[in-house]
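Values below: every heavy atom of this structure, side chains too, minus hydrogens, waters and symmetry copies. We're numbering straight along the sequence, starting at 1.
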Amino acid sequence: MKKVFIKTYGCQMNERDSEAVAAMLRERGYGLAQSEGDADVILLNTCSVRDQAEQKALGKMGFLAQLKREKPGLKLGFMGCMAQRLGQELLDKLPDVDLIVGTQKAHRIADHLEHLAGNGHEPVVDVAAEPGSEATIRDHVAPGAQPTAFVSVMQGCDMRCAFCIVPATRGPERSRSIEDVLAEVRALAASGVKEVTLLGQIVTSYGRDDIAIRDGKSPFVQLLEAVNAVPGIERIRFTSPHPQGFRDDLIGCYGRLEKLCEQVHLPVQSGSNRVLKAMKRPYSVEKYKRIVEKLRARVPEIAVTTDIIVGFPGETEEDFQQTVALVREVACDGVFLFKYSNRTGTPAAAMDGQIPQAGIERRHAELLAVMDGVAAERSARLVGRTMQILVEGEPDTKVVEGRLFGRTRCNRIVFFPGNDRHRGQLLDVRVTRAKDYTLYGDPAILNL
Ligand code: 5AD
């Protein structure tokens with residue numbers, strides 16, 4: 001049996017696409033390799049958001065090309081955003097690569113590999129747009145394998161944030177129908193999945209071209225309501241929304257839809273209105289804060305995480321300090337902090353005031369320290385509480401023997417002493433200790 005190994009860079013959408021490709025290849029008779037050395041096919045699912053992410057994947061492929069010299073039958077492929085962005089150019093750089101598949105063509109990988117089987121075939125580059133591709137891959141989780149699953153509800157983004165390459169790599173917004181998403185969620189529930197995370201580059205735009213607003217509810221809110229009604233699903237999350245589309249109908253879902261978890265990842269990007277404007281992010285810092293306030297008014301315990309870019313062209317020290325202040329003021333539970341990376345073809349690439357790398361590094365380190373402090377305080381508040389977790393399994397790196405981990409509804413990881421029978425269970429644990437972002441707990445019953 002031929003074996004495939006998929007290495008994933010970047011966002012959850014990529015993780016989900018990798019799962020989908022793995023499931024499809026399994027269906028077509030492939031096994032899943034445990035390591036690169038053990039594989040007949042190696043696919044790198046790539047990210048283009050920052051140059052560093054691309055460099056990592058390129059470096060990795062350079063290494064794999066050497067491996068191929070010792071193992072000539074080995075097939076190497078790129079998929080994901082860098083494959084889409086660079087296409088044929090990747091082959092010029094790395095002639096040992098056999099397959100380059102764009103973001104709308106992941107479902108063709110098995111066919112392409114079949115075509116490539118054996119030696120002597122020309123490499124395949126397939127990066128065309130494909131209408132309907134957002135709904136091409138549904139089955140991606142082996143039954144009973146995991147209690148959580150990603151469900152892609154829309155693809156692409158029509159916003160034009162000045163820094164962002166995603167509209168070029170993922171294409172225009174396309175949404176699946178509510179019925180189509182529901183069918184997938186029901187199938188996942190039937191196979192034992194208890195928690196779904198609805199994915200899209202901009203989920204708040206879900207369905208806006210195809211589905212009418214009903215009773216003041218956006219298509220995305222209608223989707224959330226429909227998923228909330230699926231028996232067997234216990235928890236719903238989504239990522240990522242845009243502040244512009246985060247309106248009162250969506251805010252009103254918190255505390256109303258019982259399965260919607262007390263957690264929101266809402267990218268703000270900067271705490272300076274001047275920078276937001278230059279970024280072409282059509283909202284103000286005040287509006288962002290109002291959304292968070294309204295959410296907390298409904299659900300005081302809600303965890304708020306965000307994305308921030310430091311070192312956007314023209315960002316002054318004062319702009320940066322406003323971002324620092326925002327992180328403190330909002331008391332973010334976590335910040336995904338990005339060093340601005342110049343992406344060819346984006347409007348920001350040609351802007352004046354590009355910040356030297358050393359300046360970006362300094363701001364990054366400063367904000368990182370602030371954010372760690374804020375997040376640690378947020379974690380410490382949870383010590384002594386009893387919280388529900390969904391047990392996912394063993395951590396990748398063995399922290400302590402006999403520890404499993406699960407996530408709270410507010411999306412914190414909790415390690416606890418457990419065993420196999422806890423896997424996939426919703427369990428109450430008492431939080432005994434917090435360290436940085438991680439919590440440690442004991443099953444509540446043991447504390448009675
Ligand atoms: N440089 C740095 N970070 C970026 N992001 C997107 N484009 C860039 C870029 N050019 C970040 C944003 C986005 C997250 C997924 O990646 O913060 O929300």
Verify the distance criterion only: is there a donor paired with an acceptor across the side chains of [X] and [Y] at less than 3.5 Å?
X      : Y      : value
Asn45  : Glu15  : no
Tyr283 : Arg281 : yes
Glu317 : Gln322 : no

Does any part of the side chain of [Y], heavy atoms only, come nearer than 4.5 Å to the side chain of [X], both counted from C-beta?
X      : Y      : answer
Cys157 : Pro172 : no
Glu286 : Arg290 : yes
Ser48  : Met82  : yes
Arg208 : Asp158 : yes
Leu199 : Val151 : no
Tyr437 : Arg412 : yes
Arg235 : Leu390 : yes
Ile178 : Ile211 : yes

Gap between atom [atom2] of [Y] and atom [atom1] of [X] - 0.5 Å precision:
X      : Y      : atom1 : atom2 : value
Glu293 : Ile251 : CD    : CD1   : 10.5 Å
Ile360 : Arg363 : CD1   : CZ    : 8.5 Å
Thr323 : Met371 : OG1   : CE    : 13.5 Å

Checking Phe416 against Leu404 for the side-chain contact (heavy atoms from CB on, under 4.5 Å) test, could you report, in this order, the C-alpha distance in whole Å, the side-chain angles of both residues, the deciding distance, and whether it holds? CA-CA 6 Å; Phe416 72 101; Leu404 294 186; 3.8 Å; yes
Stepwise, does the salt bridge (charged side-chain N to carboxylate O under 4.0 Å, His left out) test hold for Arg343 with Glu54? CA-CA 11 Å; Arg343 310 309 293 132; Glu54 291 198 344; 3.2 Å; yes
What closest approach, in Å, do [X] and [Y] show between heavy atoms, and which atom pair accounts for it?
X      : Y      : value
Leu382 : Met387 : CD2-CE, 4.0 Å
Gly441 : Pro417 : O-CD, 3.2 Å
Cys410 : Ala303 : O-CB, 3.5 Å
Gly245 : Leu250 : O-CD2, 4.5 Å
Gln104 : Gly171 : NE2-CA, 4.5 Å
Gly255 : Val299 : N-CG2, 3.8 Å

Determine whether Thr316 and Asp319 satisfy the following criterion, side chain to side chain donor-acceptor pair (under 3.5 Å), listing intermediate values before the conclusion. CA-CA 5 Å; Thr316 63; Asp319 292 322; 3.0 Å; yes
Please answer whether the main-chain N or O of [Y] pairs with a side-chain N or O of [X] as donor and acceptor at a distance below 3.5 Å.
X      : Y      : result
Thr8   : Ser18  : no
Arg430 : Asp442 : no
Lys259 : Ile233 : yes
Thr204 : His242 : yes
Thr103 : Gly80  : no
Ser379 : Ala434 : no
Lys3   : Tyr30  : no
Gln354 : Ala348 : yes
Thr169 : Gln84  : no
Thr197 : Phe150 : no

Residues [X], [Y]: salt bridge by 4.0 Å N-O rule:
X      : Y      : result
Arg174 : Asp180 : no
Arg170 : Glu134 : no
Glu377 : Arg381 : no
Arg108 : Glu130 : no
Arg256 : Glu225 : yes
Asp249 : Lys217 : no
Glu394 : Arg403 : no

Evaluation steps, ring-ring contact (aromatic ring centres under 6.0 Å, His included), between Phe338 and His364: CA-CA 8 Å; Phe338 297 90; His364 182 261; 9.1 Å; no
Of the options Phe246, Phe336, Phe238, which is the one that meets His265 in a ring pair (Phe, Tyr, Trp, His ring centres under 6.0 Å)?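 That would be Phe336; it is the only one of Phe246, Phe336, Phe238 passing the ring pair (Phe, Tyr, Trp, His ring centres under 6.0 Å) with His265.
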Start with the C-alpha distance between Met79 and Val21, add both sets of side-chain angles, then the distance that settles side-chain contact (heavy atoms from CB on, under 4.5 Å), and finish with yes or no. CA-CA 10 Å; Met79 56 183 282; Val21 170; 3.7 Å; yes
Just wondering, more than 12 heavy atoms not from [X] lying within 6.0 Å of its [atom1]?
X      : atom1 : result
Leu368 : CG    : yes
Arg274 : CZ    : yes
Lys280 : NZ    : no

Of Glu301, Glu234, Glu195, Glu262, the residue whose pairing with Arg409 passes salt bridge (Lys or Arg N to Asp or Glu O under 4.0 Å):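 Of Glu301, Glu234, Glu195, Glu262, salt bridge (Lys or Arg N to Asp or Glu O under 4.0 Å) with Arg409 is met by Glu262 alone.
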With respect to Val264, which candidate in Leu295, Thr239, Thr305 satisfies the side-chain contact (heavy atoms from CB on, under 4.5 Å) definition? Leu295
Under the side-chain contact (heavy atoms from CB on, under 4.5 Å) rule, what do Leu90 and Leu58 come out as? Steps first, then yes or no, please. CA-CA 9 Å; Leu90 284 170; Leu58 289 170; 3.7 Å; yes
Tell me whether Lys7 forms a cation-pi arrangement with Tyr9, defined as NZ or CZ under 6.0 Å from the six-membered ring centre and within 45 degrees of its axis.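 Yes - Lys7 lies over the ring of Tyr9, closer than 6.0 Å to its centre and within 45° of its axis.
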Identify whether NZ of Lys or CZ of Arg in Arg433 sits under 6.0 Å from the centre of the six-membered ring of Tyr440 and within 45° of that ring's axis.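 Satisfied, under 6.0 Å and within 45°.
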Intermediate values then yes/no, salt bridge (charged side-chain N to carboxylate O under 4.0 Å, His left out), Lys60 and Glu36: CA-CA 11 Å; Lys60 183 73 178 183; Glu36 291 152 14; 2.7 Å; yes
Worked verdict on Gln269 versus Asp307 for side chain to side chain donor-acceptor pair (under 3.5 Å): CA-CA 6 Å; Gln269 310 299 359; Asp307 289 346; 4.7 Å; no
Tell me, with the steps shown, if Tyr206 and Leu223 meet side-chain contact (heavy atoms from CB on, under 4.5 Å). CA-CA 9 Å; Tyr206 169 80; Leu223 178 70; 3.9 Å; yes
